[in-house]
Amino acid sequence: MIGTQERWQEELFVAAPLSALVPDDHILKQVDKVVDLSWVQDEVRDCYCEDNGRPSIAPEAALRLMLAGLFHGIVHDRKLVREAQVNLAIRWFAGYRLHEQVPDHSSLTRIRQRWGAERFKRMFVRVVQACVEAGLVSGETVHVDATLIRANVSWESLSAEHAQQVWQENQQPEPEAEPEGATPTGRRRRGPKRRRRRAKKRSRTDPDASMATSRADHPLEPSFKQHTAVDDASGVILDAAVSTGEANEGCQLQEQLQRIEAATRTAVQTVTADAAYGHARNYEALEQRGTQAVIPPPREPRRARRIPLRRFKYDGKHGMVRCPGGKVLRPRRTDAKGTWYRAEASDCAACPLRARCVPPSARSRTVL
């Protein structure tokens, strides 16, 4: 038998608490059972005037609205406030009764600007420490990775940095005039080759976004990069940072581990990451600090034009490198990337592997 539903008049009173209308398995109800945000008001008290001005939105209510947007996958504040007007679970979670008006979407934007990024970081660290005290986080084994996030800008907003490139080109000193004809050796003197750089594209509406891609077969897009570290035991996020899309995630590892140890007050014993973090400086830093690295080295090209670096044997005791031909490479200089080792030109000139090892423009092989 098919049931029917009579149209009813709006009820003036409902004899039930608002929490009874929210299912027990709802994500916001589960979060409300374990989260305590009573400390937020004291954390942001210095951002407000104590005895002047209109009463602001309750800081805890504002933060709960932001958390509700996170759990519902709502990015835009305008859409979040519109959803909070009709969603009983969000109203109950943020502490707004049925007859109360939710804040305007612009208020959440102003609150973020007033509190600032550093204050949100302190809130994040406090939540991580609460997870440690509750026994949810050990902090001994962490997993690190980075993800590209497409910037919310249109392709029409992109423009090439032509003016900046023209300024840089004109700031370089002009080369000195050379006498005409040949040099004393009979060869015509050539100046240093300058590689012309392509003008970078930037978004006029979001200049912090940079052009980047995660695959060689995918076009460049204006993006940001999120660097995240999670705990192995529970999957709790221990650290999160955002940079431009062109930033190398491998250069962020050491700073991430320092922030994790400061938040958890525990030394990281094991870290896992993909091959993008397989840099020599990361391996060295992790070895010095006693952290086990589960990080694969970068893949070698299938058709390498030169003999790969793995064929060169490093001798740390004597501070040298031995090449596949048995010759010794001595250290020449050290910079931020590491130590550069170079072979003698006489050794490479008589080596039968020269064609496969030394570039045509070089006299000897150099390795990092």
Side-chain angles (χ1 to χ4, degrees), residues 18-19 21-22 26-29 31-32 35-127 147-159 202-210 221-228 237 240-245:
L18 190 58
S19 59
L21 304 178
V22 182
H26 196 280
I27 180 63
L28 295 182
K29 205 163 190 178
V31 171
D32 185 73
V35 70
D36 179 20
L37 300 177
S38 58
W39 50 268
V40 175
Q41 188 163 349
D42 294 333
E43 177 70 28
V44 300
R45 188 179 297 276
D46 59 330
C47 296
Y48 301 89
C49 182
E50 293 288 346
D51 55 359
N52 193 11
R54 296 185 303 170
S56 68
I57 301 172
E60 182 177 353
L63 188 58
R64 282 177 172 268
L65 282 174
M66 298 176 191
L67 287 175
L70 170 67
F71 290 118
H72 284 77
I74 303 175
V75 178
H76 303 286
D77 291 339
R78 188 186 299 271
K79 184 178 180 181
L80 173 60
V81 172
R82 188 182 299 116
E83 181 68 20
Q85 293 175 351
V86 298
N87 193 314
L88 294 178
I90 297 180
R91 274 184 172 272
W92 168 79
F93 183 74
Y96 289 95
R97 298 179 177 87
L98 291 176
H99 65 278
E100 291 182 332
Q101 184 178 1
V102 296
D104 188 80
H105 67 89
S106 60
S107 299
L108 297 179
T109 304
R110 295 190 184 97
I111 287 175
R112 292 192 185 93
Q113 295 173 351
R114 174 174 294 185
W115 292 1
E118 293 300 325
R119 195 178 303 271
F120 277 103
K121 291 180 181 178
R122 294 201 300 267
M123 293 180 181
F124 176 83
V125 172
R126 183 162 182 168
V127 173
T147 304
L148 279 179
I149 302 175
R150 173 68 160 82
N152 188 22
V153 297
S154 63
W155 288 103
E156 288 75 12
S157 67
L158 299 180
S159 61
R202 295 285 184 182
S203 172
R204 298 187 301 272
T205 56
D206 195 350
D208 294 334
S210 58
E221 293 182 330
S223 309
F224 292 94
K225 184 171 289 187
Q226 175 179 304
H227 309 268
T228 310
I237 298 177
V242 179
S243 65
T244 60

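All values reported here derive from a predicted model rather than from experimental measurement.
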Would you name the heavy atoms of [X] and [Y] that are closest together and state the gap between them?
X	Y	answer
Ala68	Leu80	C-CD1, 4.5 Å
Leu28	Trp92	O-CZ3, 4.1 Å
Ser210	Gly245	OG-N, 2.9 Å
Thr244	Lys225	O-CB, 3.6 Å
Lys29	Val22	NZ-O, 3.0 Å
Pro103	Val81	O-CG1, 3.2 Å

Output the distance between atom [atom1] ([X]) and atom [atom2] ([Y]), rounded to the nearest 0.5 Å.
X	Y	atom1	atom2	result
Ile74	Lys79	CD1	NZ	6.0 Å
Gln85	Arg82	CD	CZ	8.0 Å
Glu221	Leu148	CD	CG	9.0 Å
Leu70	Leu65	CG	CG	12.5 Å
Leu37	Asp32	CG	CG	9.0 Å

Identify, with sequence neighbours excluded, every residue that meets salt bridge (Lys or Arg N to Asp or Glu O under 4.0 Å) alongside [X].
X	value
Arg119	Asp46
Asp36	none
Arg97	Glu100
Glu60	Arg64

Can you check whether Arg78's main-chain N or O pairs, donor with acceptor, with His76's side chain at less than 3.5 Å?
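A pair under 3.5 Å: no.
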Would you say that more than 12 heavy atoms from the other residues, nucleotides or ligands in this model lie under 6.0 Å from the [atom1] of [X], or not?
X	atom1	value
Arg122	CZ	yes
Ile237	CD1	no
Arg110	CZ	no
Asn152	CG	no

Evaluate Arg91 against Val102 for side-chain contact (heavy atoms from CB on, under 4.5 Å), listing each step before the verdict.
CA-CA 8 Å; Arg91 274 184 172 272; Val102 296; 4.1 Å; yes
Run the side-chain contact (heavy atoms from CB on, under 4.5 Å) test on Leu98 and Leu88 for me, step by step, so that the C-alpha distance in whole Å, both residues' side-chain angles and the decisive distance to 0.1 Å come before the verdict.
CA-CA 8 Å; Leu98 291 176; Leu88 294 178; 3.4 Å; yes
When you look at Asp51 and Cys49, which way does the side-chain contact (heavy atoms from CB on, under 4.5 Å) test go after all the steps?
CA-CA 6 Å; Asp51 55 359; Cys49 182; 3.4 Å; yes
With sequence neighbours excluded, residues passing side chain to side chain donor-acceptor pair (under 3.5 Å) with Arg112:
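For Arg112, the residues satisfying side chain to side chain donor-acceptor pair (under 3.5 Å) (neighbours in sequence not counted) are Asp77.
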Could you pull out all residues at least two apart from Ser223 that satisfy side chain to side chain donor-acceptor pair (under 3.5 Å)?
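With neighbours one apart ignored, the set is empty.
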Report yes if the side chains of Val44 and Ile111 come closer than 4.5 Å at any heavy-atom pair, otherwise no.
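Val44 does not reach Ile111 side chain to side chain.
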Side chain to side chain, His26 and Phe93, heavy atoms closer than 4.5 Å:
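Of all side-chain heavy-atom pairs linking Phe93 with His26, none is under 4.5 Å.
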Does the pair Asp42/Arg45 count as a salt bridge with the N-to-O cut at 4.0 Å?
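Here Asp42 pairs with Arg45 in a salt bridge, since their nearest N and O are under 4.0 Å apart.
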Give the intermediate values and the outcome of side-chain contact (heavy atoms from CB on, under 4.5 Å) for residues Tyr48 and Arg114.
CA-CA 9 Å; Tyr48 301 89; Arg114 174 174 294 185; 3.1 Å; yes
